[in-house]
Amino acid sequence: MPSAYILGIESSCDETAAAVVRSGEQVVSNVVASQIAMHQPYGGVVPELASREHLRAIVPVVRQALSEANHTYSSVDAIAVTQGPGLAGALMVGISYAKALAFALDKPLIAVNHLEGHIHAVLLDLRQNNNNKNKEQQKGNHELQFPVLALVVSGGHTHLYLAEQKGESWTYENVGHTRDDAAGEAFDKVAKLLGLGYPGGPIIDRLAPHGDPRAVKFPPAQIKHRDRRAGTHANAEPDADRLRADRPRFDFSYSGIKTAVLRYVESHHMQAAIELRRKAVASIPKPRFEDYLARCDKQTLDLVASFQRAIVEDLAARTLAAARAFDVATLFVTGGVAANSELRRTFDRNAAAEGIPVYFPSLRLSTDNAAMIAAAAYPKFLSKDFAPADFSAEAGMRL
Ligand code: KG4
Ligand code: ZN
C-alpha cells in the first residue's frame, strides 16, 4: 500500500491547527496557532472572538503545515476536517475552508469527530514510537490489543469509550460520561476562582507539587441513579436511548468538587488574598509560573494540590473499574487533561497494578491539534468514507 498523506484541519475551539500525517501514523508537520492569550482576559473562550481569529489564522496555518511537510495543496491525498463537537461558528471556519480546498483541488474530503481525533492521537504516538527512539518503551506493544478502553478527558469532555476494530474501521461504545462539568472545566473554573489565570490545568499541574495533597479532604462524587433523562447540561449525553440498558455505566461528576473549593475559600476567608493575587498578576504583561507561585501561600498551594489529587484519583478509579468490568486489553488516556503529570503517574501505577498497558499521546498531541484529525481520518480514507459536499458543522456531535 503506497503512503497516503492527509492534510488535517482543526478549528473546534480556541486553536487553529493544521497538520500533514502520513498513513495515519507519522506526523510530518503539526502547526497549532493558539488563541489562549486573546481569551485570557475573559477567563474562558469567547465564541465570537474565536471565530474571527480562526478566519484570520486558517490560511497561513494551513500554508505553514504544508510547507513544513514539503507538500503543496495538490500533493496531499485527502483533506480531513473536524465536524464537531465544538463551537458552531469556529467549526464552520475550518469546514468552509476544507470544503473549498477539496472542491478546488478535486480531493476527497473526510469529516472527523473531534473525540475520535483525541483517541487516534494516542495511536499516532504509539506507532511513531515504534519506529524511533522510544522503541524499548513500546517494545511488543505495536500490535494493539482490543478492546481498548479510552478515557477522553478535556475542557469539554470526560467520556469513556470501548473501542473495537472491524476491518479498517473503528467502532465506539460510550460507557461513561460526565453528568455535569468536564474534568478540564473543573480545573479551569477552580483556577479562575483562585485568581490563577486561564487555562487552569497547566498552572495547577505545576503548583500542585508545592502543596500537601492530603491537607483538604473532598468527599467522593456520589452518582446514585442511572442517567435516563434527556441531557440538560451541555456535557451530558443528550440521548439516553443510545445507552444500552444491559451495560454497566461509569459516569463522572465534577461540579461538586468545584463548589466544595468555593465553600472552602469562603469559610477560610481567602477572598482578599485572591483579589490581591488577581490584581498583581494582571499588572504583569506575560505572567510566568514563578509569578503565580510567588503569590500563593501555603493554604492555597495545599488546596490546589488536594483538588488535583481528588480529581486524578477519581478519574483513575472510575476508569479502572470500567476496565475491569469490560475486561479490556488496553487503556488509552487522552485529551487536554491527559497532559497532567500526576494523572499520568497515577494511571501508570494503577494500570500496572491491574496488568493493563496504558498509553497517552505525547504532551504536544494531548491538547487540541490537527495531526489527531488527520490520523483519525486515515481508516475512513482507506474505506472511502468521504463526506458529502453539503455536510455541515455539528456542535453537539456525539461519538
Ligand atoms: O483537549 P483540549 O485542548 O481542548 C478540549 O477539547 O477541551 O483540552 C483543554 C483542557 C483545558 O480545560 C485545560 O485546562 C486542560 O485541558 N489541561 C490540563 C493540562 N493541560 C491542559 N489539565 C490538567 N493538567 C494539565 N497539565
Ligand atoms: Zn479537544
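Counting starts at 1 for both ligands and their atoms, following the listed order.
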Applying a 4.0 Å heavy-atom criterion (strictly less than), which segment of [X] is in contact with ligand 1: side chain, backbone, both, or neither?
| X | value |
| --- | --- |
| Asp205 | side chain |
| Asp188 | side chain |
| His114 | side chain |

Number the atoms of ligand 1 from 1 as they appear, then name those within less than 4.0 Å of a heavy atom of [X], with their elements.
| X | value |
| --- | --- |
| Ser154 | 1 (O), 5 (C), 6 (O), 7 (O), 8 (O) |
| Ala339 | 20 (N), 26 (N) |
| Gly184 | 12 (O) |
| Pro199 | 14 (O) |
| Thr367 | 3 (O) |

When only distance counts, is [X] in polar contact with ligand 1, meaning an N/O pair under 3.5 Å?
| X | value |
| --- | --- |
| Gly201 | yes |
| Gly156 | yes |
| Gly155 | yes |

When you compare the side chains of [X] and [Y], does any donor N or O come within less than 3.5 Å of an acceptor on the partner?
| X | Y | answer |
| --- | --- | --- |
| Arg345 | Asn340 | no |
| Glu173 | Thr171 | no |
| Gln145 | Thr330 | no |
| Arg318 | Thr158 | no |
| Asp205 | Ser341 | yes |

Can you confirm whether Phe103 is buried at CZ, in the sense that more than 12 heavy atoms of other residues, nucleotides or ligands lie under 6.0 Å from that atom?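 No.
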Checking a contact table here: which protein heavy atom is nearest [atom], and how many Å away?
| atom | value |
| --- | --- |
| atom 24 (N) of ligand 1 | Asn340 ND2, 3.0 Å |
| atom 2 (P) of ligand 1 | Asp368 OD1, 3.3 Å |
| atom 8 (O) of ligand 1 | Gly336 CA, 3.3 Å |

How many angstroms lie between atom CD of Glu185 and atom NE2 of His157, to the nearest 0.5 angstrom?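 One gets 10.0 Å once the value is rounded to the nearest 0.5 Å.
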Straight-line distance of Ser34 OG to Glu53 CD, nearest 0.5 Å: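 Rounded to the nearest 0.5 Å, the OG-CD separation comes to 9.5 Å.
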Sub-4.0 Å heavy-atom approach of His118 to ligand 1: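 Judged by the 4.0 Å heavy-atom criterion, His118 does count as contacting ligand 1.
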Tell me whether ligand 1 is touched by Cys13 - counting only heavy atoms on the residue side and a distance under 4.0 Å.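 No.
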If I take every N, O or S atom of Cys13, is at least one of them less than 2.8 Å from the Zn ion (ligand 2)?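 Short answer: no, not a single N, O or S atom is under the cut-off.
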Measure from the Zn ion (ligand 2) to each N, O or S atom of His157 and report whether any distance is below 2.8 Å.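 Given the 2.8 Å cut-off, His157 does not count as a ligand of the Zn ion (ligand 2).
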Can you say whether the rings of Phe332 and Trp170 are parallel (under 30°), tilted (30 to 60°) or perpendicular (over 60°)?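 Answer is tilted, since the angle falls between 30° and 60°.
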Given side chains that start at C-beta, do those of Val190 and Ile257 come closer than 4.5 Å, heavy atoms only?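 They are not in contact (no side-chain heavy atoms under 4.5 Å apart), so the answer is no.
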Salt bridge present between Arg288 and Asp291 (N-O < 4.0 angstrom):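 Looking at Arg288 and Asp291, the cut-off is met.
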Cation-pi check, Lys107 to Phe386: give yes when NZ or CZ is under 6.0 Å from the six-membered ring centre and within 45° of the ring axis, no otherwise.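 No.
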Which value, rounded to 10°, describes the OD1(Asp368)-the Zn ion (ligand 2)-NE2(His114) angle?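 With the Zn ion (ligand 2) as the vertex, the angle is close to 90°.
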